[in-house]
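Since the structure comes first, as structure tokens, the remarks are kept for the end.
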Amino acid sequence: MRRHLAAAAAATAAASLTLLLAPGVRAADASAANPYERGPAPTQASVEALRGPYAVSQTTVSSLAATGFGGGTIYYPTSTADGTFGAVVISPGFTAYESSIAWLGPRLASQGFVVFTIDTLTTLDQPDSRGRQLLAALDHLTQRSAVRGRVDASRLGVMGHSMGGGGSLEAAKSRPSLKAAVPLTGWNTDKTWPEIKTPTLVIGADGDTVAPVATHSEPFYESLPNSLDKAYLELNGATHFTPNTSNTTIAKYSIAWLKRFIDDDTRYEQFLCPLPRPSLTIEEYRGSCPLGS
């Protein structure tokens with residue numbers, strides 16, 4: 001009898017232990033299924049926050065140490081506990097400096113990316129030149145920078161404002177291995193991009209008189225292949241220069257796009273599909289759902 005009671009108790013204890021461990025086991029299995037997930041499960045509050053879950057450090061790259069671009073600032077998660085991170089390089093626009101897009105550096109990095117905001121060789125560089133400079137900065141980041149060991153060179157993206165946005169399209173066209181592109185109120189004389197194979201989020205502004213959406217962002221988006229993961233976000237009550245100051249809508253959807261395609265993190269798809277509806281900050285949103293085509 002004692003043997004039967006002991007066996008029953010052991011079985012009960014084993015079953016209880018299995019129930020306690022099961023959620024952790026499932027979490028581990030989920031993490032193993034996508035080794036690129038970084039940070040806790042996202043919420044509306046977390047993607048809209050001024051800072052994400054990672055503490056951020058930064059380092060400066062002098063123009064004298066840069067080849068093919070004008071130097072800049074690298075923002076990166078301070079902790080190395082989660083391994084390497086995907087990376088994004090961001091270009092300013094015509095006549096502008098790194099300072100005009102610097103707010104994006106710590107905001108994106110704190111969500112689990114290495115972010116390089118750059119200066120261009122001259123403030124007058126055109127989109128094709130800015131595209132080459134974005135790629136040169138990516139190469140510097142992954143091959144020569146002090147934080148290259150923190151970067152997964154297979155998971156890279158580009159962003160840019162105005163002519164830098166046009167440059168991000170040029171970079172994606174030239175390097176199809178890029179995982180994500182986000183042009184911000186982009187400007188380019190080339191209006192059609194059927195060659196692009198990089199998932200692209202085009203962000204325009206309803207009040208843009210420098211690069212009006214009707215002649216820039218909208219045709220950029222429409223010309224991208226229908227087979228491509230793509231989206232068009234038109235900001236409501238915004239101008240060409242809205243991306244130059246901290247903006248929650250730009251940050252939220254950029255973070256979700258970069259997480260979904262650089263990190264292959266489907267936890268962020270909830271912010272992109274179903275398509276966001278017009279609101280006080282969104283004039284219009286178009287896109288391909290479901291994602292991951």
Side-chain angles (χ1 to χ4, degrees), residues 48 69-70 72 88-105 107-108 115 117-131 133-134 137 157-173 180-193 196 200-224 230-258 276 278-287:
E48 293 178 355
F69 66 104
V88 187
V89 174
I90 309 175
S91 167
F94 189 64
T95 74
Y97 295 92
E98 176 200 355
S99 58
S100 67
I101 39 90
W103 71 272
L104 284 160
R107 191 150 183 177
L108 299 182
V115 184
T117 57
I118 65 168
D119 272 320
T120 47
L121 295 173
T122 80
T123 59
L124 306 180
D125 293 326
Q126 299 296 299
D128 57 344
S129 173
R130 289 172 193 266
Q133 292 179 62
L134 283 166
V158 289
M159 296 178 67
H161 173 239
S162 192
M163 284 197 180
S168 69
L169 294 169
E170 299 280 1
K173 175 181 174 180
V182 184
L184 306 169
T185 59
W187 188 98
N188 200 312
T189 56
D190 186 349
K191 311 300 182 185
T192 58
W193 302 92
I196 287 183
T200 301
L201 168 63
V202 177
I203 298 181
D206 63 345
D208 193 336
T209 58
V210 177
V213 293
T215 55
H216 290 79
S217 292
E218 287 186 294
F220 295 165
Y221 169 78
E222 292 295 342
S223 69
L224 293 168
K230 63 178 183 174
Y232 171 72
L233 166 60
E234 185 174 320
L235 301 170
N236 183 32
T239 73
H240 183 70
F241 301 102
T242 294
N244 292 153
T245 54
S246 182
N247 182 282
T248 296
T249 304
I250 290 174
K252 174 181 179 178
Y253 292 102
S254 296
I255 289 164
W257 196 262
L258 298 173
S279 66
L280 291 175
T281 61
I282 297 176
E283 173 68 20
E284 181 185 1
Y285 193 104
R286 309 176 210 167

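For the numbers below, each heavy atom of this structure counts, side chains included, while hydrogens, waters and symmetry mates do not. Numbers for residues simply follow the sequence, beginning at 1.
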Note to self: Does any part of the side chain of L258, heavy atoms only, come nearer than 4.5 Å to the side chain of L108, both counted from C-beta?
What the structure shows: yes
Next item on the list: Search all heavy atoms of W103 against all heavy atoms of P243 and return the closest pair with its distance.
Entry: NE1-O, 2.8 Å
Next item on the list: Identify the heavy atoms of A137 and I118 that sit nearest to each other, and give their distance.
Entry: CB-CG2, 3.9 Å
Could you pull out all donor-acceptor pairs under 3.5 Å where a side-chain atom in residues 162-173 meets a protein atom, sequence neighbours excluded?
from: S162; atom 1: OG; to: H240; atom 2: NE2; distance (Å): 2.8
from: S168; atom 1: OG; to: G165; atom 2: O; distance (Å): 2.6
from: E170; atom 1: OE2; to: N188; atom 2: ND2; distance (Å): 3.2

Check: Does any N or O in the side chain of D206 come within less than 3.5 Å of the main-chain N or O of E234, such that one atom is a donor and the other an acceptor?
Finding: no
Note to self: As a quick check of understanding, evaluate side chain to side chain contact (heavy atoms under 4.5 Å, CB included) for V115 and L104, giving each step before the final call.
What the structure shows: CA-CA 8 Å; V115 184; L104 284 160; 5.6 Å; no
Next item on the list: Keeping the roles fixed (side chain from D208, backbone from G204), state whether a donor-acceptor pair exists under 3.5 Å.
Entry: no
Margin query: Suppose we screen for side chain to side chain donor-acceptor pair (under 3.5 Å). Which residues come up paired with T242, at least two apart in sequence or across chains?
Written below: none
Margin query: As an exercise, state the distance from OH of Y285 to CD1 of I203, rounded to the nearest 0.5 Å.
Written below: 8.5 Å
Next item on the list: Give a yes or no on whether the backbone of Y97 and the side-chain of S100 come within a donor-acceptor separation of less than 3.5 Å.
Entry: yes
Note to self: Just verifying a value: how many Å separate H161 NE2 and I90 CD1, rounded to the nearest 0.5 Å?
What the structure shows: 12.5 Å
Note to self: Does any part of the side chain of T123, heavy atoms only, come nearer than 4.5 Å to the side chain of F94, both counted from C-beta?
What the structure shows: no
Notebook entry, point to check: Between the side chains of T249 and T281, is a donor N or O closer than 3.5 angstrom to an acceptor N or O?
Noted result: yes
Next item on the list: Check whether any side-chain heavy atom of Y253 sits under 4.5 Å from a side-chain heavy atom of L201, and report yes or no.
Entry: yes
Note to self: Test your reading of the model: is there a side-chain donor-acceptor pair from D119 to the backbone of E98, 3.5 Å cut-off?
What the structure shows: yes
Item checked: Full working for side chain to side chain contact (heavy atoms under 4.5 Å, CB included) between L124 and T95 -> CA-CA 6 Å; L124 306 180; T95 74; 4.0 Å; yes
Check: Just by modelled atom types, is the P92 backbone N or O under 3.5 Å from a matching donor or acceptor in the R130 side chain?
Finding: yes
Next item on the list: Return yes when atom CG of L280 has more than 12 non-hydrogen atoms of other residues, nucleotides or ligands closer than 6.0 Å, and no otherwise.
Entry: no
Note to self: Can a donor-acceptor pair be found, under 3.5 Å and without considering hydrogens, that links the side chain of S223 to the backbone of W193?
What the structure shows: yes
Next item on the list: Show your reasoning for whether side chain to side chain contact (heavy atoms under 4.5 Å, CB included) applies to I101 and S91.
Entry: CA-CA 8 Å; I101 39 90; S91 167; over 6 Å; no
Check: Side chains of S246 and R107: does their closest heavy-atom pair fall under 4.5 Å?
Finding: yes
Next item on the list: Side-chain contact test, heavy atoms from C-beta onward, threshold under 4.5 Å: evaluate it for P183 versus T200 and give yes or no.
Entry: yes
Next item on the list: Return yes if some donor-acceptor pair links the side-chain N/O of S129 with the main-chain N/O of D125 below 3.5 Å, else return no.
Entry: no
Next item on the list: Establish, for the pair K191 and F220, whether the NZ or CZ atom is under 6.0 angstrom from the six-membered ring centre and no further than 45 degrees off its axis.
Entry: no
Item checked: Derivation and outcome, salt bridge (charged side-chain N to carboxylate O under 4.0 Å, His left out), residues K230 and E222 -> CA-CA 9 Å; K230 63 178 183 174; E222 292 295 342; 5.1 Å; no
Check: Please walk me through it: do F241 and V210 pass side chain to side chain contact (heavy atoms under 4.5 Å, CB included)?
Finding: CA-CA 9 Å; F241 301 102; V210 177; 4.2 Å; yes
Note to self: In the structure I gave you, are the side-chain heavy atoms of V202 and L233 within less than 4.5 Å of one another anywhere?
What the structure shows: no
Item checked: Minimum-distance pair of heavy atoms, taken over all atoms of T239 and T185 -> O-CG2, 4.1 Å
Margin query: If I compare all heavy atoms of W257 with all of A180, which pair ends up nearest, and what's the gap?
Written below: CD1-CB, 4.1 Å
Item checked: Non-hydrogen side-chain atoms of L224 and I196 separated by less than 4.5 Å -> yes
